[in-house]
K.L.:
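My questions all concern the structure below.
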Amino acid sequence: MQERIVPVLIVGGGPVGLALAGDLGWRGIDCVLIEQTDGSIYQPRMDLVGIRTMEFCRRWGLVSAVESSPYPRDYAQDNIYLTSLTGYELGREHFPGIGQAAPPPQSPQRRERCPQNMFDPILREFAASQKSVTMRYRTRLVSFTQDSDAVTAEVENAETGARERIPARYIVGCDGARSLTRETLGITMRGNPALTYTTNVIFRCPHLLSLHDKGKAYRHIFIGPEGTWSTIVAINGRDQWRFSLIGSSTQREYTIDEIKAAIRRAVGRDFDFEILSVLPWVRRELVAETYRSGRGFIAGDAAHAMSPTGGFGMNTGIGDAVDLSWKLAATLEGWGGDSLLDSYTSERQPVGARNVAEASGNLRRMLSVGAHPDIADDTPQGAATRAKVGREFTEMMRREWFTLGIHLGYRYENSPICWPDGSEAPPDEARSYAPTARPGHRAPHAWLRDGRSTLDLFGRGFTLLGFDATAAAAAPLLEAARARGLPLDFVPLAEPEIAALYQRKFALVRPDGHVAWRDDRTPDDPLRLIDVVRGAVSRPGNVAWRGEPNAAKIA
Ligand SMILES: Cc1cc2nc3c(=O)[nH]c(=O)nc-3n(C[C@H](O)[C@H](O)[C@H](O)COP(=O)(O)OP(=O)(O)OC[C@H]3O[C@@H](n4cnc5c(N)ncnc54)[C@H](O)[C@@H]3O)c2cc1C
């Protein structure tokens, strides 16, 4: 009997592997996810679910699960800069509780606070509920090989030690910063492998708020005479806190007594607390030189390792998963062209590099305060120093707290599968995002008269928006898509404000919600356009193209 070949083998059941499995399953694609642990989270890392990730959660039907996670929605999300919790406050950025914040006009969603120990289970349940997804916990990738037809993975059961082979069409390493998949594929990382050696400590103290007068806040950044030295984050809005000793580029280990003393220094007094876990880790600034080698791909932390300052790591990784998922589906279903999968690197690697750089910039800004020996002195000079540092730091840190541009403004400039329309690229700014339907960008959100978002129209296949356009006018493109087996829905809209936002009569939106093409009329050669967006032929002016024209390969 012939061995069953798994279409996609996903290595790693962190948030990115779970999102990829869920999205592939949502598309009806068979995949197997292996995870070496049982999935328990001992020390939650991420807690900011960005606005774009929430838009994907909207498509997956997960918004209410995130909104009803146990993180208290009225817990103030302030960021405070201070000498200690019982010491001087230098500055503060006020944010209401997540439940009290309205979505910005550019999105139907808002960013959420949902720590990893709450968010991973939501993604896990989503993935596990898909019929075509098989989840195998306590199963470790040991090694794999690939040839032109398939990948053969050797995996080990963590309980029994039994090994087995899993043959697969494709393997995707979502196996984190120390990715074995990446190593086996021979992909190198570029950048700085050690920005800081940091120590994170989760401690429990239900009465911490009663020990000081600063009130509820999400993040506290402590600035001492030596400069910025530590942070405390409200990890569950109740009794658990994450203390982070930022450290430096020199490796240093701390004893439990040193850690306890540092926590008491940050709080500014003696108090009782329980240390739940200690995690020394290395803050990196790395991006993989490519996200693909043959039948192997990497996504998430396996592809980019960045400072958590900004909360971009997982959110960038989930963007990778969404970009890769529809391309794998298209290829497996036969309507994706030979070069479609290569476009994963061309589109996502620059986004990874951009977000890694922004995260490092946030770290540098946070650490740029420098030494101020008198900052905690109860003297007029100390007060003057605090006022100056507080003013400058508060202004500088805004770039980290307001990041709509990072989350919504990334674009696939020069993508081989987007057809440029000659319009000028808007500036790529971290703080602000101006909606645009320019090819390569996220198709903008607008509320439809029936109460849906435009984003609700996109997802499973391509969508052709036609503003005051008839099906007859769209027919050449619909016919070309049919000829190639590319799933395309025509959605006529008679909504002038949305037409003004999209700026053209037609906009072709990809399954990941990015605009592939727009124009006031269908192209003279509609087959050529369809072949470009499915990665089968080169678009005009794309010198880096490697693929050759190919016909549809419907399985
Ligand atoms: C303190 C801190 C705070 C952060 N806050 C945020 C935030 O607010 N927002 C945000 O977006 N990001 C944040 N991040 C970053 C975020 O946590 C990571 O980017 C994210 O967890 C990466 O997800 P991943 O699935 O790619 O990798 P991981 O979460 O590292 O998951 C990889 C998985 O692969 C498994 N695995 C590894 N090797 C194998 C193998 N051989 N076989 C089988 N399984 C294997 C591992 O067990 C693991 O479960 C933060 C990071 C830190 C350190």
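It should be emphasised that the depicted structure is a prediction, and the values quoted were computed from it without experimental measurement. Counting starts at 1 for both ligands and their atoms, in listed order.
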K.L.:
Need the ligand 1 atom indices (1-based, order shown) with element for anything under 4.0 Å from a heavy-atom of G176.
P.N.:
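This gives 27 (O), 30 (O), 32 (C) as the contact atoms.
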
K.L.:
Quick one: look at T316 and ligand 1, take heavy-atom pairs under 4.0 Å, and tell me if it's side chain, backbone, both or neither.
P.N.:
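Under 4.0 Å from ligand 1, T316 contributes no heavy atoms.
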
K.L.:
Cation-pi check, R265 to W229: give yes when NZ or CZ is under 6.0 Å from the six-membered ring centre and within 45° of the ring axis, no otherwise.
P.N.:
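Yes, a cation-pi geometry.
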
K.L.:
Give yes or no for whether the N/O distance cutoff of 3.5 Å, strictly under, is met between R140 and ligand 1.
P.N.:
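Min N/O separation from ligand 1 is not below 3.5 Å for R140.
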
K.L.:
Does A299, backbone or side chain, put an N or O under 3.5 Å from an N or O of ligand 1?
P.N.:
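So ligand 1 has no N or O lying under 3.5 Å from an N or O of A299.
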
K.L.:
Indicate, as side chain, backbone, both or neither, the part of P15 found under 4.0 angstrom from ligand 1 when only non-hydrogen atoms are considered.
P.N.:
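It is both parts that get close, each with some atom under 4.0 Å.
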
K.L.:
Taking the cut-offs as 6.0 angstrom to the six-membered ring centre and 45 degrees off its axis, would you call R113 and Y218 a cation-pi pair?
P.N.:
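Yes, R113 and Y218 form such a contact.
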
K.L.:
With respect to atom 20 (C) of ligand 1, which of M46, M314, Q36 exhibits the smallest heavy-atom separation?
P.N.:
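That would be M314.
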
K.L.:
Run the contact test for T53 against ligand 1 with a 4.0 Å cut-off on heavy atoms, strictly below, and give the result.
P.N.:
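Contact absent.
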
K.L.:
Going by heavy atoms, is G317 under 4.0 Å from ligand 1?
P.N.:
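Contact check G317 vs ligand 1: negative.
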
K.L.:
Report, in ascending order of atom number, the atoms of ligand 1 lying under 4.0 Å from any heavy atom of F312.
P.N.:
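Those of ligand 1 that fall under 4.0 Å from F312 are 11 (O).
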
K.L.:
Short list, please: which atoms of ligand 1 are under 4.0 Å from a heavy atom of C174?
P.N.:
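Answer for ligand 1: 32 (C), 33 (C), 34 (O).
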
K.L.:
Could you list which atoms of ligand 1 come closer than 4.0 Å to a heavy atom of V16?
P.N.:
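Within the 4.0 Å cut-off of V16, ligand 1 contributes 23 (O), 24 (P), 25 (O), 26 (O).
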
K.L.:
Which atoms from ligand 1 have a heavy atom of T139 less than 4.0 Å away?
P.N.:
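Those atoms are 43 (C).
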
K.L.:
Please determine which of L18, D23, L24, V16 meets the side chain to side chain contact (heavy atoms under 4.5 Å, CB included) test together with L20.
P.N.:
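For L20, the side chain to side chain contact (heavy atoms under 4.5 Å, CB included) test succeeds with only one of L18, D23, L24, V16, which is L24.
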
K.L.:
Would you call R242 a ligand 1 contact, heavy-atom distance under 4.0 Å?
P.N.:
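Per 4.0 Å heavy-atom rule, R242 contacts ligand 1.
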
K.L.:
Please list, in number order, the atoms of ligand 1 under 4.0 Å from a heavy atom of G300.
P.N.:
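Per the distance check, 26 (O).
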
K.L.:
Ring centroids only, cut at 6.0 angstrom: are F458 and H445 within range, meaning strictly under it?
P.N.:
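Centroid separation for F458 and H445: 6.0 Å or greater.
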
K.L.:
Identify the heavy atoms of H212 and L85 that sit nearest to each other, and give their distance.
P.N.:
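For H212 and L85, the tightest heavy-atom pair comes out as CB-O, 3.3 Å.
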
K.L.:
Looking at L341, is its backbone amide N or carbonyl O close enough to the side chain of S343 to form a donor-acceptor pair, meaning the two atoms are under 3.5 Å apart?
P.N.:
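No, because the side chain of S343 does not come within donor-acceptor range (under 3.5 Å) of the backbone of L341.
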
K.L.:
Hey, is ligand 1 close enough to L141 that some N/O pair sits below 3.5 Å?
P.N.:
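The answer is yes, given that L141 and ligand 1 share an N or O pair closer than 3.5 Å.
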
K.L.:
Consider every N or O of W281 and every N or O of ligand 1, then say whether any pair is closer than 3.5 Å.
P.N.:
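Min N/O separation from ligand 1 is not below 3.5 Å for W281.
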
K.L.:
Under 3.5 Å, side chain of R295 to main-chain N/O of R169, donor-acceptor pair present?
P.N.:
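Indeed, once roles are kept as given, a pair shorter than 3.5 Å links the two residues.
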
K.L.:
Output yes when E429 and R399 qualify as a salt bridge under the 4.0 Å nitrogen-oxygen rule, no when they do not.
P.N.:
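Judged by the 4.0 Å cut-off on N to carboxylate O distance, E429 and R399 do not form a salt bridge.
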
K.L.:
So, are E55 and R52 salt-bridged, with charged N and O less than 4.0 Å apart?
P.N.:
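A salt bridge links E55 with R52.
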
K.L.:
Between D512 and R59, does at least one N-O distance fall below 4.0 Å, as a salt bridge requires?
P.N.:
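Salt bridge: no.
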
K.L.:
Can the positive tip of R348 be found less than 6.0 Å from the middle of the six-membered ring of Y410, inside 45° of the ring normal?
P.N.:
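Positive - R348 is close enough to the ring of Y410 and near enough to its axis.
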
K.L.:
Please report whether ligand 1 has a polar contact with L48, defined as an N or O pair separated by less than 3.5 Å (distance criterion only).
P.N.:
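N/O-N/O distance under 3.5 Å: yes.
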
K.L.:
Answer with yes or no after comparing the ring centroid distance for Y254 and Y197 against a 6.0 Å cut-off, counting only values under it.
P.N.:
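No.
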
K.L.:
For ligand 1, is there an N or O atom under 3.5 Å from any N or O atom of G311?
P.N.:
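The answer is yes, given that G311 and ligand 1 share an N or O pair closer than 3.5 Å.
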
K.L.:
Geometry only, no angles: is D301 polar-contacting ligand 1 at N/O separations under 3.5 Å?
P.N.:
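For ligand 1, there is an N or O atom that lies under 3.5 Å from one belonging to D301.
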
K.L.:
Could you list the atoms of ligand 1 found under 4.0 angstrom from a heavy atom of T37?
P.N.:
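With T37 as reference, the close atoms of ligand 1 come out as 47 (O).
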
K.L.:
Is ligand 1 under 4.0 Å from a heavy atom in the side chain of N200, in the backbone, in both, or in neither?
P.N.:
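Side chain only.
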
K.L.:
Looking only at non-hydrogen atoms, which of H407, R178, R45 approaches atom 21 (O) of ligand 1 most closely?
P.N.:
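Closest candidate by heavy-atom distance is R45.
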
K.L.:
Under a 3.5 Å distance rule, please check whether S293 uses its side chain to pair with a backbone N or O of G296 as donor and acceptor.
P.N.:
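Looks like no, no N/O pair under 3.5 Å.
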
K.L.:
Near G14, which atoms of ligand 1 are under 4.0 Å from a heavy atom of that residue?
P.N.:
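Near G14, meaning under 4.0 Å from one of its heavy atoms, ligand 1 has 25 (O), 31 (O), 33 (C), 49 (O).
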
